[in-house]
Amino acid sequence: MSKFQDILNAKLLPLSEKLQGNKVLAALIEGFIRTTPITLGIAFITIIGNFPFPGWTQMLTKVGIYDHVQAITNGATGVFSVYVVYSLAYAYAKQLEVNERNAALISLASFFMLMPQTISTTVIQHGKAVTQTIGALKLDYLGGQGIFIGMIVALIITRLYAFLSSKKLIVKLPDSVPAMVTESLAPVFVVTIIFVLIFGLRVLFGLTASGSIFKFFVDVVAAPLDSLATSPISIIIIMELLSVLWFFGIHNAVLQGPVSVITMTMIVSNITAYQHGKPLPYLVPSVVYAGIAASGFMGAIVFTMIRGKSAKFRELGKLSFIPSLFNITEPIMFGVPIMLNPMFFIPQCITPIITGFLSWGLVTTILPVSLNPTISLMPWTTPVFAKLPLEGGINLTIIMLICMVISFFIWVPFFKVADNHEYEIEQANAEK
């Protein structure tokens with residue numbers, strides 16, 4: 001382990017430091033770290049609202065509380081792209097040494113301008129169902145599906161704002177004008193140019209079959225998965241793709257359509273067969289999926305952070321430990337951050353492949369599993385270490401533990417190197 005860490009220190013850490021010296025990457029890392037209070041703050045309510053206890057959500061719905069839980073969740077993660085756009089644009093503007101608030105607000109406005117602003121809904125008129133178009137913003141694009149587009153908008157608009165500002169397109173006002181007024185009115189020509197370009201971009205994507213840049217991106221990314229059949233190899237490909245895309249800031253929600261088709265096909269078909277006493281048609285793909293899910297459990301890794309050297313990792317580990325037990329990993333993804341951090345690209349991308357093929361090999365050879373697919377319907381916040389033993393008994397529990405251990409030993413060296421690096425930075429700052 002120590003030799004491997006030495007290799008990481010000698011090879012990967014210098015590369016990571018060099019890449020993080022890039023203004024764009026530095027802004028991305030800072031921007032996502034600044035959203036951590038939101039992901040940590042919402043974790044408790046999310047866990048309570050989706051507590052993995054039979055009939056819990058139905059009880060909350062009956063007493064009228066669940067709608068409020070959903071409202072709080074949507075106010076945080078449901079519009080997370082909005083926070084990303086503002087935070088990232090602010091951080092990048094600081095790197096470029098231009099007005100941070102102006103850049104953040106202009107980026108946010110551009111993001112909304114590009115978004116579809118009508119949705120179709122069905123209403124009852126005179127006893128008949130009628131399709132009606134109303135003015136509204138879709139939460140899908142404000143949430144997970146909009147994160148990547150939001151990142152691109154924040155970076156491009158902020159860079160464009162900085163470039164145009166340097167070309168003396170700023171309105172000069174007398175020194176007697178209050179600073180707040182000057183900062184607000186000075187970039188009016190720059191903003192006009194930016195919004196004209198956004199208008200042109202919106203019109204351009206409006207001419208496509210997708211109708212908007214948001215739908216176009218979802219269609220392009222999801223299209224290759226639509227043709228995948230439900231098989232062990234397709235599960236490994238999908239989970240690997242999700243991991244790679246998530247590293248680059250593309251939320252899993254972008255692939256919700258094709259992924260849901262495949263997972264629900266497995267779940268529904270397996271439950272139907274199980275209820276009729278027949279062999280499960282998707283037994284092996286389901287076990288492969290479970291093995292990869294087990295490898296994504298971050299609780300043990302977060303626990304090691306609590307015992308880390310750096311104050312940053314220790315405090316983040318303490319705050320993230322309970323959420324990680326309930327499969328809420330956003331505080332770690334955005335807080336460390338793992339996302340767009342070169343140090344963590346390797347573990348993020350190779351873990352699903354290794355544990356996927358390992359689960360496939362184990363279930364088809366020495367650890368055959370008898371699966372109860374109805375357990376798959378438990379809430380997503382059900383701890384994986386509680387769900388999988390109920391779903392597949394002792395053999396699936398063994399597969400789960402093996403995948404967790406392998407994942408732990410893949411991730412830990414990278415976390416230790418990152419922790420040591422943070423500790424060195426903290427010590428250097430303390431000496432100043």
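Worth knowing before you read on, the calculation uses all heavy atoms, side chains too, and leaves out hydrogens, waters and symmetry mates. We're numbering straight along the sequence, starting at 1.
The minimum heavy-atom distance between L283 and N270, with the atom names listed, is N-OD1, 4.1 Å. Among all heavy-atom pairs drawn from P116 and L137, the shortest one is O-CD2, 3.6 Å. Contact record, L88 with A27: CD1-O, 3.4 Å, taken as the closest heavy-atom pair.
Expressed to the nearest 0.5 Å, how far CG of L164 lies from CD1 of I157 amounts to 9.5 Å. Atom CG of D419 and atom CE of M305 lie 8.0 Å apart (nearest 0.5 Å). Taken to the nearest 0.5 Å, the CD1 atom of I301 stands 12.5 Å off from the OG atom of S320. To the nearest 0.5 Å, atom OG1 of residue T192 and atom CG of residue L197 are 11.0 Å apart. The CD atom of Q70 sits 11.0 Å away from atom CD1 of I72, with the distance rounded to the nearest 0.5 Å. How far CG of L28 is from CG of L155: 5.0 Å, rounded to the nearest 0.5 Å.
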Discussion item. If you apply the rule ring pair (Phe, Tyr, Trp, His ring centres under 6.0 Å), what do you find for Y141 with F111, and how did you get there?
Written reply: CA-CA 10 Å; Y141 298 144; F111 179 68; 9.3 Å; no
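Under the 3.5 Å distance criterion, the side-chain polar atoms of Q348 are matched with a main-chain donor or acceptor of S243.
E100 pairs by the salt bridge (charged side-chain N to carboxylate O under 4.0 Å, His left out) definition with nothing, not counting sequence neighbours. Legend: residues meeting side-chain contact (heavy atoms from CB on, under 4.5 Å) with F297, ordered by chain and number and at least two apart, are L325, V384, F385, M404. Checked against salt bridge (charged side-chain N to carboxylate O under 4.0 Å, His left out), R159 has no partners two or more places apart in sequence or in another chain.
Ring planes of F303 and F321: tilted class, angle from 30 to 60°. A perpendicular orientation is assigned to the rings of W246 and F334, their planes being inclined by more than 60° (bins at 30° and 60°). W360 and F357 have parallel rings, their planes meeting at less than 30° on a 0 to 90° scale where 60° marks the start of perpendicular.
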